[in-house]
Amino acid sequence: MTEKTAGSNFIRQIIDADIDHGKHSEIVTRFPPEPNGYLHIGHAKSIWLNFGIARDYGGRCTLRFDDTNPVKEDAEFVEAIERDVRWLGYEIGAVAHASDYFEQLHDFALELIDRGLAYVDSLPAEQIREYRGTLTEPGRNSPDRDNSVESNREQFERMRAGDFGDGERVLRAKIDMASPNINMRDPVIYRIRHHAHQRTGDAWCIYPMYDFTHGLSDAIEGVTHSLCTLEFEDHRPLYDWFIANVTAPSEPRQIEFSRLNLSYTVMSKRLLTRLISSGVVDGWDDPRMPTLSGLRRRGFTPASVRNFIASVGITKKDNVIDMLVLENAVREDLDPVAPRAMAVLKPLRVTISNLPEDHAESISVANHPKDESFGTREVTLSREIFIERDDFMLDPPKKFFRLSPGGEVRLRNAFVIRCVSVENDADGNVASLVCEYLPETRNGVQPEGRKVKGIIHWVNAADALDAEVRLYDRLFREANPRPDQDGEFHEALNPDSLVTLTGCKLEASLAAASMDTRYQFERLGYFCQDPDSIPGHPVYNRIVTLRDSWAKAGAAG
RNA sequence: UGGGGUGUAGCCAAGCGGCCUAAGGCACCGGGUUUUGAUCCCGGCAUUCGGAGGUUCGAAUCCUCCCACCCCAGCCA
């Protein structure tokens, strides 16, 4: 599990330059989610960036909940978010909440009022919007814009005291209603919300807005570099304005980078919520979700997620990363550490006719093909075994290396068998096979003139374990899924994103499998147990398939 | 058509005026090893950096103009 080196990026270059200029004695960052949903892999990019920088520069990174809107937030989310950040493997310098700073923020607001830089506006929301102007036309001043400091002070005190209902007053920064940057047209900095906050309860009925809260919270925490996504780029002048016009304890710098987008999935909280509410997936931790909890349940390792982010880099360019890159990252992480085992997902019974009824030989099998430290295990082979239905074809195409009538194939870790007859069920479908084994092919011997290219896995019938296996695939069939007119996903969905298989056969040694070991089921992919497993009824999730150039060739033509 | 951004291969991404006849990864195409059609190994894959001009002995890197795409008019974050 080698961690990819962080590499350089434009943000680290800025920090390096700042350090060279002696601007900071310590680098301080923060990861600031709003607790209104679960973290997804896009957040992992920010976590990797912020915590990675703090770690590499010997600084610190705070997990700060941006909890300024009580109507959207919930304690459930703050717990889930902290769990996910820890799972990703980072040391959290401190856990903070913007709500910890409500009193200080309130003081800063008072300071702005006293300086004549903020005023209480009684215009209703709709009017404020009209007065704001448009992208191409300047706005107009509110009638309340020139009220006295005393009046603003008194009005703001009454806002806090609860004298007004929701929406009856707001506190606004007095900047410039004609600014070409709409964010500077007297932005609202406090609004009234008579709603209990998940942490502060009923202590407040006015809540600060994001722009006012964020930069000032950064300043309170001594954040040196405030890293956020591109859509906040034109909020930066406002971010700087608040810090410049209040006695801020420090002067953080905001730097923006592009969000992560992944093909064949969606990343917005709104759309992920929609998938859950419309029943497309089972919840935030459905293994098909791009959430960290979904990926964790699916079996992805924290290192694979970190390596994935490292491999895509940090820039300001809009991007869509191919899902294959993520899949590649888990395979790369798991290959050297996953013990191998044999499992048959769609069993086809095979009788080896030239083996006695009571035959039961024990074969010593390596647990890893390249790493002897994994040791070996014993696997029993007797007259009745299961092979994968996909490994047998009545009428095989060219270059099909597996079994067919009269054909030969090697049983992995054992000998070559030849298919001598096929038995059908009442509907005429293949029900079972009768094969005979070739004694001279034991121990890997490839007798003169016999070229058996195919090697298939198998499971001994007598002591096989029954299991349920869930095969996951991309949630969408379209690379860039968009909701339909009704806001739901229909056409874009991949109908086979979850295939549940029961009656799968696992080799007996898996009876001792632990919940947190990720196995490679040879020739199939990487698998791990789902929390739905109960004793006697194991449930496995397929984390990712193995690369399969045969399937790919088939799909191509 | 106001403001803010971004454009290097199918997807990411190094590059910061000469060491670039442009790193690396994914994908793709060969070939080798292999009792996983896996892994691993070796080779191929941009005479060209959104376009057009210009500066310079020298430009992906500097300048000008143009084009394309993304973001912004919440009392959301």
Side-chain angles (χ1 to χ4, degrees), chain A residues 4 7-10 13 32-34 36 66-69 71-73 121 123-126 128-130 132-139 166-172 179-185 187-193 207 209-211 213-214 228-237 256 258 263 269 310-322 324-329 331-332 335-336 340 342 366 368-370 399-402 410-416 441 443-444 446 452-457 479 520-525 545-553:
Chain A
K4 288 198 175 153
S8 185
N9 58 54
F10 78 100
Q13 289 179 2
E34 181 186 16
N36 68 343
D66 232 326
D67 54 350
T68 57
N69 187 352
V71 315
K72 293 171 70 176
E73 297 151 9
D121 200 341
L123 240 33
E126 196 178 311
I128 288 184
R129 189 178 344 112
E130 283 175 30
R132 189 153 32 227
T134 69
L135 291 177
T136 52
E137 299 159 319
D166 289 7
E168 289 182 354
R169 296 287 189 285
V170 288
L171 182 69
R172 292 228 257 172
S179 172
N181 180 347
I182 296 203
N183 295 304
M184 302 299 273
R185 319 239 263 230
V188 170
I189 59 181
Y190 266 90
R191 79 290 218 186
I192 299 169
R193 284 265 193 289
Y207 292 93
M209 299 285 288
Y210 164 83
D211 285 303
T213 307
H214 201 90
C228 64
T229 45
L230 248 29
E231 66 271 27
F232 294 107
E233 219 152 13
D234 45 21
H235 289 238
R236 197 188 329 130
E256 312 83 11
S258 57
S263 62
K269 221 168 276 184
S311 75
V312 305
I314 304 288
T315 65
K316 299 188 72 152
K317 205 184 110 180
D318 289 332
N319 60 78
V320 182
I321 310 296
D322 200 305
L324 291 163
V325 181
L326 214 209
E327 295 175 353
N328 182 63
R331 291 194 189 102
E332 206 170 67
D335 179 59
R340 312 289 136 120
M342 291 197 286
H368 192 104
K370 310 177 90 163
K399 295 229 191 131
F400 183 75
F401 301 156
R402 285 106 101 148
R410 177 175 289 279
L411 293 181
R412 168 122 231 219
N413 300 309
F415 39 63
V416 173
T441 61
N443 304 316
Q446 194 83 294
V452 176
K453 266 192 123 164
I455 298 159
I456 64 173
H457 59 280
Q520 185 195 95
F521 289 169
E522 288 189 298
R523 302 211 307 133
L524 296 174
T545 62
L546 256 31
R547 274 207 192 85
D548 187 348
S549 55
W550 167 248
K552 205 174 290 173

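Keep in mind that this is a model prediction, so the values were computed, not measured. So that the names make sense, note that chain A is the first sequence line, chain B the second, and so on, each numbered from 1. All values below come from the heavy atoms of this structure, side chains included, with hydrogens, waters and symmetry mates left out.
Residue A:F232 is classed as a base contact, given a heavy-atom separation below 4.0 Å to a base. Residue contacts for A:T68: at a heavy-atom cut-off of 4.0 Å it reaches the sugar-phosphate backbone alone, with no base atom in range. The residue A:I321 sits close only to the backbone: its heavy atoms come under 4.0 Å of sugar-phosphate atoms, none of a base. Here A:T315 lies in heavy-atom contact (under 4.0 Å) with sugar-phosphate atoms only. Residue contacts for A:V71: at a heavy-atom cut-off of 4.0 Å it reaches no nucleic acid atom on any strand shown. Among the atoms of the strands shown, base atoms are found under 4.0 Å from some heavy atom of A:L123. Nucleic acid contact for A:H214: none, since no nucleic acid atom lies under 4.0 Å from a heavy atom of the residue. Within the 4.0 angstrom heavy-atom criterion, base atoms lie near A:Q13. No engagement by A:K269 is indicated, since no non-hydrogen atom pair under 4.0 Å with the nucleic acid exists. Using a 4.0 Å heavy-atom cutoff across all strands shown, A:P138 reaches no nucleic acid atom at all.
Ring pair A:Y210/A:H214 is tilted by interplanar angle, where 30° to 60° counts as tilted.
In this structure, the nucleotide among B:C76, B:C26, B:C12 sitting nearest to the side chain of A:K317 is B:C12. Counting only heavy atoms from C-beta on, A:V312 has its side chain closest to B:C12 among B:A73, B:C76, B:C12. Which of B:C75, B:G4, B:C76 sits closest to the side chain of A:V188 comes down to B:C75. When distances run from any side-chain atom of A:D234 to the nucleotides B:U1, B:C76, B:C71, the shortest one goes to B:C71.
If you check B:U64 for Watson-Crick or wobble pairing at under 3.5 angstrom, you find it paired to B:A52. Summarising the base pairing, B:G58 is matched to no nucleotide, lacking a Watson-Crick or G-U wobble pair whose two defining distances lie under 3.5 Å.
A:H457 pairs in a side-chain hydrogen bond (donor to acceptor under 3.5 Å, both in side chains) with only one of the listed residues (A:E522, A:R412, A:R340, A:R523), which is A:R523.
Nearer to the 5' terminus of RNA chain B, by closest-nucleotide assignment, is the contact made by A:G313 (compared with the other of A:K72 and A:G313). Between A:N319 and A:V170, the residue whose closest nucleotide on RNA chain B is further toward the 5' end is A:N319.
Here, B:C29 and B:G3 have their P atoms 48 Å apart, quoted to the whole Å. Spacing between B:U34 and B:C28 at atom P, rounded to whole Å, works out to 24 Å. The same atom, C1', is picked in B:U48 and in B:A22; the two are 8 Å apart, to the nearest Å. Taking atom P in both B:C69 and B:A14, one finds a spacing of 24 Å when rounded to whole Å. Separation of the P atoms belonging to B:G50 and B:A59 is 15 Å when rounded to the nearest angstrom. Spacing between B:G17 and B:G10 at atom P, rounded to whole Å, works out to 28 Å. Remark: the separation of the C1' atoms in B:U1 and B:G25 is 42 Å, to the nearest Å.
Within the structure, every side-chain polar atom (N or O) of A:R185 is placed at least 4.0 Å from both OP1 and OP2 of B:C72. Regarding contacts with the backbone of B:A77, a side-chain N or O of A:R191 is found under 4.0 angstrom from either OP1 or OP2. Within the 4.0 Å cut-off from OP1 or OP2 of B:C75, at least one side-chain nitrogen or oxygen of A:R132 is found.
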Query - Base versus backbone protein contacts along nucleotides 32-44 of chain B [heavy-atom cut-off under 4.0 Å; B, S, -] - result: ---BBBSBS----
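One interatomic measurement links the two molecules: CG of A:N183 to C1' of B:G5, which rounds to 14 Å at whole-angstrom precision. In this structure, A:L135 places its CG atom 11 Å from C1' of B:C71, rounding to the nearest Å.
Judged purely by atom type and a 3.5 angstrom limit, A:R410 uses its side chain to pair as donor or acceptor with the backbone of A:A414. Here the side chain of A:S258 pairs a donor or acceptor atom with the backbone of A:T315 at under 3.5 angstrom.
Listed by chain and residue number, A:Y437 satisfy the ring pair (Phe, Tyr, Trp, His ring centres under 6.0 Å) test with A:F415 (two or more places apart in sequence, or in another chain).
With a glycosidic angle further than 90° from 0, B:G10 counts as anti.
The closest side-chain donor-acceptor pair between A:T213 and A:D66, if any, does not fall under 3.5 angstrom.
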Query - side chain to side chain contact (heavy atoms under 4.5 Å, CB included) between A:S263 and A:I321, worked out - result: CA-CA 6 Å; A:S263 62; A:I321 310 296; over 6 Å; no
